[in-house]
Amino acid sequence: MQRKSLLSDAIIGAIHWLDPWTVADPGALVAAYAQSFSESGGRILQADIKSVQQVRDRWQVNTASETVEADEVVVALGPWAGSWLKELGYHFPTFVKRGYHMHYASQASAKLNFWVMDAEVGYLLAPMNAGIRLTTGAELDRLDAPADVNQLGAAEKVARSVFPLGERRDEVPWKGARPCLPDMKPVIGPAPRHPGLWLAFGHGHQGFTLGPATGHLMAEMMEGQPTSIDMAPFRADRF
Ligand SMILES: Cc1cc2nc3c(=O)[nH]c(=O)nc-3n(C[C@H](O)[C@H](O)[C@H](O)COP(=O)(O)OP(=O)(O)OC[C@H]3O[C@@H](n4cnc5c(N)ncnc54)[C@H](O)[C@@H]3O)c2cc1C
């Protein structure tokens with residue numbers, strides 16, 4: 001009954017997915033991963049990487065302030081991976097599907113208890129800790145092109161006719177880029193021509209969900225263990 005009363009009667013049909021897995025605060029989850037990594041003895045260094053180079057049989061990652069050396073390096077640079085790897089002679093056909101989100105209050109006491117995806121218009125409303133999040137679909141543009149507020153504005157207009165959204169809660173929309181490859185599968189595995197260089201990028205629309213699985217598979221490969229799944233579909237030399 002509650003579902004019926006909140007959503008507009010203009011919706012003539014929907015599929016009710018009973019057991020979705022959702023996260024109300026993705027940033028907090030990623031922060032918890034980072035804390036767990038530190039507590040396991042990992043060191044987190046946040047810096048702008050200037051170059052990654054192979055020096056004899058080791059790798060050097062150079063930042064503005066220091067050089068970190070290691071036997072093995074994982075390139076997990078999301079949408080930025082393709083341009084970095086060009087410097088090492090790899091030409092992956094990467095592209096991005098950009099998208100935006102904005103948080104909203106609810107009007108009066110309206111409460112959104114479940115996510116709603118409008119597949120026809122291409123947006124999703126989800127109850128998050130920060131408010132009701134409206135996330136947009138794919139915007140095809142360059143990674144570094146300026147933000148275009150029209151996609152979010154158009155989706156918001158339709159969303160307001162579906163659910164009583166209140167005022168915007170963020171000063172500016174969040175803009176992100178889904179890192180994609182033409183077969184919409186990531187590259188996970190060793191770089192073909194550089195021992196000690198590992199690649200994990202191109203997770204498209206599912207990178208937040210797939211990150212932990214990719215980390216697990218990467219650890220298995222780097223340790224020389226049998227992998228939990230067949231990694232052939234994700235090998236780098238398919239391009
Ligand atoms: C609108 C939108 C909605 C999405 N919704 C979902 C969803 O519901 N579920 C889901 O699973 N996925 C979703 N995704 C996809 C998900 O966000 C990506 O697949 C995921 O972030 C990719 O993770 P990554 O670690 O490979 O790359 P990123 O998260 O992009 O991380 C790459 C990192 O590299 C860093 N970097 C780049 N250059 C440098 C440099 N020179 N020096 C140092 N650091 C550098 C960047 O700062 C960044 O932190 C969505 C994406 C968008 C845009």
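In each ligand, atom 1 is the first atom listed, and ligand 1 is the first ligand listed. Numbers for residues simply follow the sequence, beginning at 1. Just so you know, these numbers use all the heavy atoms, side chains as well, and skip hydrogens, waters and symmetry mates.
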Which of the numbered atoms in ligand 1 are under 4.0 angstrom from any heavy atom belonging to [X]?
X	answer
T209	9 (N), 10 (C), 11 (O)
G78	26 (O), 27 (O), 32 (C)
T135	1 (C), 3 (C)
P79	30 (O)
G204	15 (C), 18 (C), 19 (O)
G99	1 (C)
G176	53 (C)
D48	40 (C), 41 (N), 42 (N)

Under-4.0 Å protein heavy-atom contact, atom 30 (O) of ligand 1: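 Yes, there is one.
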
Exercise check, heavy-atom protein proximity under 4.0 Å to atom 36 (N) of ligand 1: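 True for atom 36 (N) of ligand 1.
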
Check: Y90 ring centre within less than 6.0 Å of F239 ring centre: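 Centroid separation for Y90 and F239: 6.0 Å or greater.
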
More than 12 heavy atoms of other groups within 6.0 Å of E120 CD: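 Open: at most 12 neighbouring heavy atoms sit under 6.0 Å from CD of E120.
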
W80 contact mode with ligand 1 (heavy-atom cut-off under 4.0 Å):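 Side chain only.
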
Under-4.0 Å heavy-atom contact with ligand 1, by part of A47 that carries it: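 The answer is the backbone of A47.
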
Backbone of A28 reached by a side-chain donor or acceptor of D25 within 3.5 Å: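 At least one qualifying donor-acceptor pair exists.
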
Side-chain donor or acceptor of R235 paired with backbone N/O of A232 under 3.5 Å: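 Yes, R235 side chain to A232 backbone: donor-acceptor pair under 3.5 Å.
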
Hydrophobic cluster membership, F92 vs W198, 4.5 Å side-chain cutoff: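 Unlinked, F92 and W198 end up in two clusters.
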
Lys/Arg N to Asp/Glu carboxylate O, R168 vs E156, below 4.0 Å: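 Judged by the 4.0 Å cut-off on N to carboxylate O distance, R168 and E156 do form a salt bridge.
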
Under-4.0 Å salt bridge between D48 and K50: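 Result for this pair is yes, salt bridge flagged.
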
Within-shell test, H205 vs ligand 1, heavy atom, strictly < 4.0 Å: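 Yes; H205 lies near enough to ligand 1 that a heavy-atom distance drops under 4.0 Å.
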
Stepwise side chain to side chain contact (heavy atoms under 4.5 Å, CB included) test for H91 and K86: CA-CA 6 Å; H91 294 274; K86 272 186 198 146; 3.7 Å; yes

